[in-house]
Amino acid sequence: ATSLAAWWDADAASTISTSSSRLTQWTDRSGNGNTIGDSGATHRFLYGAASWPVNGRGSMQVDSAIEYAFKTGIALGAFSIGLVCKCSAGGYLYQHGASITTGGCYVYSDTTVVAGVDVARSSTIDARHTTSGSAPKDNAACSLLHTYGGTNATHLLQRDGVAYTMANDTNHDPGTGSLTDTFYIGNNASGAAGAAMYVAEVAVWVGVLSAGDQSSWHTYCQTKWGTP
């Protein structure tokens with residue numbers, strides 16, 4: 001079974017508070033109270049563009065490598081993470097946990113791999129990278145879905161409903177032990193390696209979505225955000 005843990009929607013203007021067009025609060029629409037607070041003046045996303053680049057709908061712009069939004073106390077074991085973004089330069093799209101060497105997960109895109117995905121539990125790390133498809137940093141709006149069911153074989157990444165072909169950097173089964181830690185959007189815990197991108201929507205589920213629900217996520221993104 002899966003349950004929605006957190007949902008941040010940049011097109012829901014009533015959930016967003018700003019100061020000088022910079023994000024200071026982003027209310028969680030899941031009903032679980034996982035509202036994102038103020039990351040500080042030098043780290044805030046830009047919100048309020050004259051023209052929205054993701055299907056004309058509201059989005060957060062990460063226009064500096066030191067910008068991020070974060071929420072403490074997100075508990076994940078097995079998980080599904082959906083992200084709608086338009087990314088023009090590599091970096092961390094998100095990270096859960098303070099350090100991947102001790103626990104957490106992330107998606108990263110750079111010049112040497114299409115995308116790298118890592119999951120760790122109690123210092124056991126499963127690291128994979130994509131070997132096919134377009135990188136998330138190709139400056140096109142896309143819906144990503146990162147799923148993990150406790151094993152290397154269940155650690156997968158999709159773009160617009162199509163699963164990437166994956167290769168292993170390490171091949172381990174870290175398990176589904178729950179980790180409660182901070183969830184960072186647009187960066188990692190260092191706050192210095194963010195991707196240049198627009199963030200439109202982020203959804204975090206506990207558990208792995210069924211095949212039908214995974215398809216529904218991408219269909220929803222196509223309808224709302226104009227993703228392929």
Side-chain angles (χ1 to χ4, degrees), residues 1-6 8 32 34 36 39 43 62 65-83 85 87 90-131 133 135-137 144-159 163-195 197 199 202-209 214:
T2 57
S3 60
L4 184 63
W8 301 289
N32 294 318
N34 286 315
I36 287 171
S39 56
H43 304 296
V62 187
I66 64 169
E67 291 177 3
Y68 56 87
F70 71 95
K71 178 64 183 77
T72 60
I74 300 290
L76 295 177
F79 62 78
S80 304
I81 299 172
L83 171 67
C85 65
C87 180
Y92 285 85
L93 307 185
Y94 59 79
Q95 179 170 307
H96 179 238
S99 171
I100 199 63
T101 60
T102 57
C105 68
Y106 66 68
V107 170
Y108 181 84
S109 183
D110 66 14
T111 57
T112 58
V113 297
V114 174
V117 293
D118 280 32
V119 171
R121 295 289 183 268
S122 300
S123 301
T124 300
I125 302 172
D126 184 63
R128 313 192 76 189
H129 67 270
T130 58
T131 60
K137 62 181 182 63
L144 298 176
L145 186 63
H146 182 193
T147 54
Y148 171 72
T151 65
N152 171 270
T154 60
H155 185 195
L156 304 169
L157 184 68
Q158 298 176 30
R159 174 176 175 155
Y164 281 108
T165 301
M166 310 291 287
N168 294 323
D169 300 307
T170 66
N171 185 343
H172 298 293
D173 299 335
T176 57
S178 183
L179 173 71
T180 301
D181 214 320
T182 302
F183 191 87
Y184 299 88
I185 301 171
N187 219 313
N188 67 351
S190 74
M197 66 176 181
V199 178
V202 185
V204 181
W205 293 269
V206 173
V208 177
L209 294 174
Q214 292 180 32

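None of the values given here were measured: they were computed from a predicted structure.
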**Study point:** Option from Tyr68, Phe183, Trp8, Tyr184 for which ring pair (Phe, Tyr, Trp, His ring centres under 6.0 Å) with Tyr94 holds
**Key:**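 Going through Tyr68, Phe183, Trp8, Tyr184 one by one, the ring pair (Phe, Tyr, Trp, His ring centres under 6.0 Å) with Tyr94 is satisfied by Phe183 alone.
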For the residue pair [X] and [Y], establish whether any side-chain heavy-atom pair is separated by less than 4.5 Å.
X: Thr176; Y: Arg121; value: no
X: Met197; Y: Val199; value: yes
X: Ser190; Y: Tyr92; value: no
X: Asn171; Y: His155; value: no

### Task
For the residue pair Tyr108 and Tyr106, categorise the inter-ring angle as parallel (less than 30°), tilted (30 to 60°) or perpendicular (more than 60°).
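If you compare the ring of Tyr108 with that of Tyr106, the planes turn out perpendicular.
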Would a distance-only check, ignoring hydrogens and angles, find a side-chain to backbone donor-acceptor pair under 3.5 Å from [X] to [Y]?
X: Thr170; Y: Ala127; value: yes
X: Asp126; Y: His172; value: yes
X: Ser178; Y: Ala75; value: no
X: Asn187; Y: Ala65; value: yes
X: His96; Y: Leu76; value: no

Assess the residue pair Asn32 and Ser3 against the criterion (side-chain contact (heavy atoms from CB on, under 4.5 Å)); give the C-alpha distance rounded to whole Å, side-chain angles, the decisive distance to 0.1 Å, and a yes or no.
CA-CA 11 Å; Asn32 294 318; Ser3 60; over 6 Å; no
Distance in Å, [X] [atom1] paired with [Y] [atom2], rounded so as to fall on 0.5 Å steps:
X: Thr130; Y: Leu156; atom1: OG1; atom2: CG; value: 12.0 Å
X: Ile81; Y: Ile74; atom1: CD1; atom2: CD1; value: 10.0 Å
X: Ile185; Y: Lys71; atom1: CD1; atom2: NZ; value: 11.5 Å

Q.
Is the distance between the ring centroids of Phe79 and His146 under 6.0 Å?
A.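 Yes, close enough.
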Please report the closest heavy-atom contact between [X] and [Y], naming both atoms and the distance.
X: Ile125; Y: Thr101; answer: CD1-CA, 3.9 Å
X: Arg128; Y: Asn152; answer: NH1-O, 3.2 Å
X: Gly97; Y: Ala189; answer: O-CB, 4.0 Å
X: Gly82; Y: Trp205; answer: N-CZ3, 3.8 Å
X: Ser80; Y: Gly207; answer: OG-O, 2.9 Å
X: Leu179; Y: Gly103; answer: CD2-C, 3.4 Å

Practice item. Applying side-chain contact (heavy atoms from CB on, under 4.5 Å), run through Asn34 and Val204 and close with a yes or a no. Key: CA-CA 11 Å; Asn34 286 315; Val204 181; over 6 Å; no
Worksheet entry | side-chain contact (heavy atoms from CB on, under 4.5 Å) partner of Cys87, chosen from Leu93, Val62, Leu144 |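 Result for side-chain contact (heavy atoms from CB on, under 4.5 Å) with Cys87: Leu93.
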